[in-house]
Amino acid sequence: MGSKIDVRAEFPILNQSINGKPLVYLDSAASTQRPNTVLAAMDRFSKTSNANVHRGVHTLSQRATDEFEAARVTVQKFVGADDPAEIIWTKGCTESLNLVAASWGGANLQSGDEILLTNMEHHANIVPWQLIAEKAGAVVRPIPISDDCVVDLQAFRKMVNNRTKVVGIKHVCNATGVVNPVCEMAEIAKSVGAIVVADGAQALAHVPVNVKEFGVDFYAMSSHKVYGPMGVGALYGRRELLEAMPPFMGGGDMIRSVSFGKTTFNEIPNKFEPGTPNVSGVIGFAAALDWYQSVGKEEIWAYENELAQALRNALDQMPGVRTIGKCENQAPVVSFVMDDAHPHDVGTILDSHGVAIRTGHHCCMPLMERLGIPGTSRASFAVYNTNQEINVLIEALKNVVDIFSKC
Amino acid sequence: MGSKIDVRAEFPILNQSINGKPLVYLDSAASTQRPNTVLAAMDRFSKTSNANVHRGVHTLSQRATDEFEAARVTVQKFVGADDPAEIIWTKGCTESLNLVAASWGGANLQSGDEILLTNMEHHANIVPWQLIAEKAGAVVRPIPISDDCVVDLQAFRKMVNNRTKVVGIKHVCNATGVVNPVCEMAEIAKSVGAIVVADGAQALAHVPVNVKEFGVDFYAMSSHKVYGPMGVGALYGRRELLEAMPPFMGGGDMIRSVSFGKTTFNEIPNKFEPGTPNVSGVIGFAAALDWYQSVGKEEIWAYENELAQALRNALDQMPGVRTIGKCENQAPVVSFVMDDAHPHDVGTILDSHGVAIRTGHHCCMPLMERLGIPGTSRASFAVYNTNQEINVLIEALKNVVDIFSKC
Amino acid sequence: MLSELYQEVILDHGKKPRNFGELASATHQAEGYNTLCGDRVIVQVEMDGETVRNIQFVGAGCAICMASTSMMTSFVKGKSINEIECVFEVFHSAVTGGEADMEPLGDLEALVGVKQYPNRIKCATLGWHALSSAFKSPILEEK
Amino acid sequence: MLSELYQEVILDHGKKPRNFGELASATHQAEGYNTLCGDRVIVQVEMDGETVRNIQFVGAGCAICMASTSMMTSFVKGKSINEIECVFEVFHSAVTGGEADMEPLGDLEALVGVKQYPNRIKCATLGWHALSSAFKSPILEEK
Ligand SMILES: Cc1ncc(COP(=O)(O)O)c(C=O)c1O
Ligand SMILES: Cc1ncc(COP(=O)(O)O)c(C=O)c1O
């Protein structure tokens, strides 16, 4: 290995035994672990500054509000947005995507309109569109992909037309690590005036993100996929679009005035943030981005990509094992299937070796159907993984082969 | 004071100075502080068991899932529901109420239907109904209240009719501490077949809650109002209703199967919980309820009600001060207005004495309009407050009077 | 521990499930589906009054699910609904770690190792649940 | 510190706001509303070309908001839009804690104590913001 980063000491959870073996956590695409810095930032907040935001005239509330809004600027800068008001706090990527579908879709989709989503989308970027499409009479269509899980740009170019109103793109595929050509796709979408909704859940931790350069209209994120806490995420939305959209939910802090006769709504971002937000979560999210940048994004990517590539190479040597998905600069997610063992059994056997991977359809049933497999076994990497862990995984996989070759 | 509870040492945040004075935190109705036990429960989870739930075959994920579902049972028992599947995790009371309005309301409201909400409702139980009423052509009407902020049951009885489909009741009023007769109101609502949606945000920490005895169909809660973390809450819903309702949001874990052709949904509670939930938040919420019950609910109520009553008595002695809202067994929220000082100025002056209160409309604009006031100053109590703090508050209010009598 | 779960008899049934394929003479059928891992089996039964005259299944899933369903089909053939439901109760209790008299389980006892793997219990009971609901789901003849 | 915020001149303007009430001759008007605390003022101006000939306001709010709006109305009368916007810039900078030459502020300097109270700054600037937007909001005559 060329690169070397050692941050394991900052992740106390990794220092434990599972079934008598050291934990090898290779499920970061499901949820990353959080470094002490992030836990400490939330703890400090809870012990010094916890209060509801925006509404209070007292010092704690002002402090909480200041930290809360500073966190918004952290996310704004991280994704290269122009304006902190373009960052809406949500409980995660799923809510972010539902917000866009319900609010923008509810206000703009008409009967006969087309919503194009890549065939590899996560359910979170399919089901919300199906729900609103059914109400509006719009149609949801898959954008074809290759056997390697790469979008067929030519087919996509042919599909777009003046009925195309939305294009949904998973920036990085959680099931395969494939990185989609979001710039090119956005350009094609723009050529017919469609909005582009990118799902950035897996991207933040592994590839460069710049919403302006990408030319996307919306970009959805989850804190827990990038070393932050669960229960918080964000939606980037272009100001012009957010301003024109109706609210998603109603409640306190999102209104200008309420009466039984007439209610008028607040400006962005407040219009989309009714109720008490997850203040300590937001602070943890920002602390996670700061931590990640302080370790060094490029350095992390180089390191974890080397690990993933080493695993892919090792799997290619194993008879009866096939990796799923392939592209240049693939993100550090390694999905594979084994001839004789079902993913669920692979998962159980690996767990007995202390190795945590995820198995199944990864909330991408249409992708699994397209590839003709019931699911995969997936090892996904983060900065805290090591080369040694790959060896443990490979040994454990040999045990799988042994067991299933018994008969 | 008869009762005596001393838990202050468990709340590190209270042990600080604000503007050179010891912090007197009287803004618990906006958000309670969290005891060490709750912070420790979340920290322990993050450092030992953090993983995504439901989807993993590995040990950490199983542990996280077990704790997550155990927390659901804690909430279920706390509110007296029959079945853990009737408890849906949300990000807070506001989302809970939006879920009911959008999902139940979206599926059931028709043109001409009536939604009756008390005139004291929080915006979180008004705006979601206005949004869906506008789509459905239904009408939202206020249930009259007295000058003391007490629901006019007689008027309510006359208002209900066979067009009444929803009755919204704030169980405990955040602006005045008034406790609504939720049982009687539910009975009246049931007599015309309307569903009852109770907003329990302020109730959990201060009054008995039993959804079965109340006869309510939905009950909305926020963790951060009852010693738990922000960013998590719950909705109780009657099984029969939840089962018949369409999903609120779409995404992972809430579906049985997804394809571009057809998607079928999971059972409750999963149908309403797409995406990665706030697992550590849920664990903190349950830890908070456990802590609260271990200190003793009845003991806490007796204690904090004495404090509130002592403050009301003291304010009644002060010329130019008027308390707002009055009922038997009022919750420990004390709202007042002063002849010469605007609430916003009261808040600033109190803050300079280290006293944190909330001022303004408390997200109850229709109530403020009904009472003919722009807002109030509100001191709200929790178990960690003391008699001594009331003295500090009263002294600070005397300073307000001094300042504003200067000219 | 792992060797208790993946015993040879289980691996064998998993790889070569018995009574696999459509049952043309079926009078009852039901599907069992585990959303989380994607295991799916359709159990088809030919009833003779209260007795299972014949049974087959189709579907796909993990070794535990396929083996358990395969062993179940062999086990129940010729037995009455009552007998079957009694055994299912014992089996369910055994695989969920409850007290159970292993006696009536016969070969099925091999599956009891699953109790140490809470997230695999559903795999071992899916076929049984499908069978239970098949009893209540007669195939309606098309007219 | 508190005494810097609640100076007598402020308390006096807060209690007895000058130029309060509707302005029948108004040519321009705009509303300022602070969602969070409920302060609301409507500023009405009678313009003579680029000059404020007369100004009045209505509304309700906290002492800081009422005092600031009252003092602002006294201050701007007879001044040109340009002069006013320059002073607003200085005032804004002073109350938000920036560098500022207090000279041009005159009486308004009394309000600078607000800079120590970040959550009250909006109260002190609300009337000014309303005035700024009033300049761009002529009252359209009804036909
Ligand atoms: C009575 C009442 N209802 C609803 C809410 C909204 O709760 P949350 O902000 O936690 O969503 C609050 C809290 O502000 C409240 O006091
Ligand atoms: C690509 C992708 N999109 C969306 C999501 C949903 O994110 P969350 O569960 O945090 O809402 C995930 C995570 O499972 C994901 O990997």
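The chains referred to below are lettered A, B, ... by the order of the sequence lines, with proteins before strands, and numbering in each begins at 1. Treat the numbers as computed from the prediction; the structure is a model and nothing was measured.
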Legend entry - Pairwise side-chain contact, A:Arg34 with B:Ser280, heavy-atom cut-off 4.5 Å (strictly under): yes
Legend entry - Segment of A:Pro274 engaging chain B (4.5 angstrom heavy-atom cut-off): both
Legend entry - Heavy-atom proximity to chain A below 4.5 Å, by part of B:Asn52: both
Legend entry - Option in A:Pro246, A:Pro12, A:Ser46, A:Ala30 with maximal non-hydrogen atom pairs under 4.5 Å from chain B: A:Ser46
Legend entry - A:Leu117 vs B:Phe260 side-chain heavy atoms within contact, under 4.5 Å: yes
Inset, instruction - Among A:Ser31, A:Gly281, A:Ala51, single out the residue with the greatest number of heavy-atom pairs under 4.5 Å to chain B. - result: A:Ala51
Inset, instruction - Report the distance from atom OG1 of A:Thr263 to atom CD1 of B:Ile126, rounding to the nearest 0.5 Å. - result: 7.5 Å
Inset, instruction - Answer yes or no: are there more than 12 heavy-atom neighbours, outside A:Lys21 itself, under 6.0 Å from its atom NZ? - result: yes
Inset, instruction - Heavy-atom distances under 4.5 Å only: say whether A:Phe11 touches chain B with side chain, backbone, both or neither. - result: neither
Inset, instruction - Look at B:His122, B:His224, B:Arg141 and state which one has the largest set of heavy-atom pairs under 4.5 Å with chain A. - result: B:His224
Legend entry - 4.5 Å side-chain heavy-atom contact, A:His58 and B:Leu350: no
Legend entry - pair B:Asn278-A:Lys91: side-chain heavy atoms closer than 4.5 Å: no
Legend entry - Options A:Ala124, A:Cys364, A:Cys93, ranked by heavy-atom pairs under 4.5 Å with chain B, top entry: A:Ala124
Legend entry - Test ring pair (Phe, Tyr, Trp, His ring centres under 6.0 Å) applied to B:His362 - qualifying residues, sequence neighbours left out: none
Inset, instruction - Return the option, out of A:Asn19, A:Asp27, A:Asp253, with the maximum number of heavy-atom pairs under 4.5 Å with chain B. - result: A:Asp27
Inset, instruction - Examine whether an atom of A:Ser28 lies under 4.5 Å from a heavy atom of chain B, and if so say whether it belongs to the side chain, the backbone or both; otherwise answer neither. - result: neither
Legend entry - CE on A:Met368 to OG on B:Ser259, rounded to 0.5 Å: 14.5 Å
Inset, instruction - Could you look at B:Glu121 and say if it's the side chain, the backbone, both or neither that has a heavy atom under 4.5 Å from chain A? - result: neither
Inset, instruction - Pull out the residues in residues 36-43 of chain B that come under 4.5 Å of chain A, heavy atom to heavy atom, sorted by number. - result: B:Asn36, B:Leu39, B:Asp43
Inset, instruction - Let me see the working for B:Ile13 and A:Leu60 under side chain to side chain contact (heavy atoms under 4.5 Å, CB included), right down to the final yes or no. - result: CA-CA 10 Å; B:Ile13 192 173; A:Leu60 282 192; 4.2 Å; yes
Legend entry - Contact leader toward chain B among A:His344, A:Glu95, A:Glu369, where contacts are heavy-atom pairs under 4.5 Å: A:Glu95
Legend entry - Spatial distance of atom CZ (B:Arg256) from atom CE (A:Met365) [nearest 0.5 Å]: 9.0 Å
Legend entry - Proximal component of A:Asn119, with respect to chain B [non-hydrogen, under 4.5 Å]: both
Legend entry - B:Val232, part contacting chain A, at a heavy-atom distance under 4.5 Å: neither
Legend entry - Engaged part of B:Arg44 at the chain A interface, taking heavy atoms whose separation is under 4.5 Å: neither
Inset, instruction - For A:Ser103, enumerate each residue passing the side chain to side chain donor-acceptor pair (under 3.5 Å) test, keeping only those at least two apart in sequence or located in another chain. - result: none
Legend entry - Min side-chain heavy-atom separation B:Val127-A:Phe265 under 4.5 Å: yes
Legend entry - Close side-chain approach of A:Ser222 and B:Thr276, heavy atoms under 4.5 Å: no
Legend entry - Residue selection (most heavy-atom pairs with chain A, distance under 4.5 Å) from B:Ile357, B:Leu97, B:Val282: B:Ile357
Legend entry - Residue B:Ser61 versus chain A: region with a heavy atom under 4.5 Å: neither
Legend entry - For A:Ser352, all residues meeting side chain to side chain donor-acceptor pair (under 3.5 Å), sequence neighbours excluded: none
Legend entry - Residue pair B:Gln16 / A:Thr48: nearest heavy atoms and the distance that separates them: NE2-O, 2.9 Å
Legend entry - Contact winner vs chain B - A:Pro142, A:Gly261, A:Gly92, heavy-atom pairs under 4.5 Å: A:Pro142
Inset, instruction - Rounded to the nearest 0.5 Å, what's the gap from OG1 on A:Thr59 to CD1 on B:Ile18? Could you check? - result: 5.0 Å
Legend entry - Side chain to side chain, A:Asn50 and B:Met230, heavy atoms closer than 4.5 Å: yes
Legend entry - Closest heavy-atom pair and its distance - B:Gly252, A:Cys363: CA-SG, 3.8 Å
Inset, instruction - Specify the closest pair of heavy atoms between A:Gly250 and B:Pro128, including all atoms of both residues, with the distance to one decimal. - result: O-CG, 3.5 Å
Legend entry - Flag if over 12 foreign heavy atoms under 6.0 Å of CG, A:Asn15: no
Legend entry - Contact origin within B:Thr32 toward chain A - heavy atom pairs under 4.5 Å: backbone
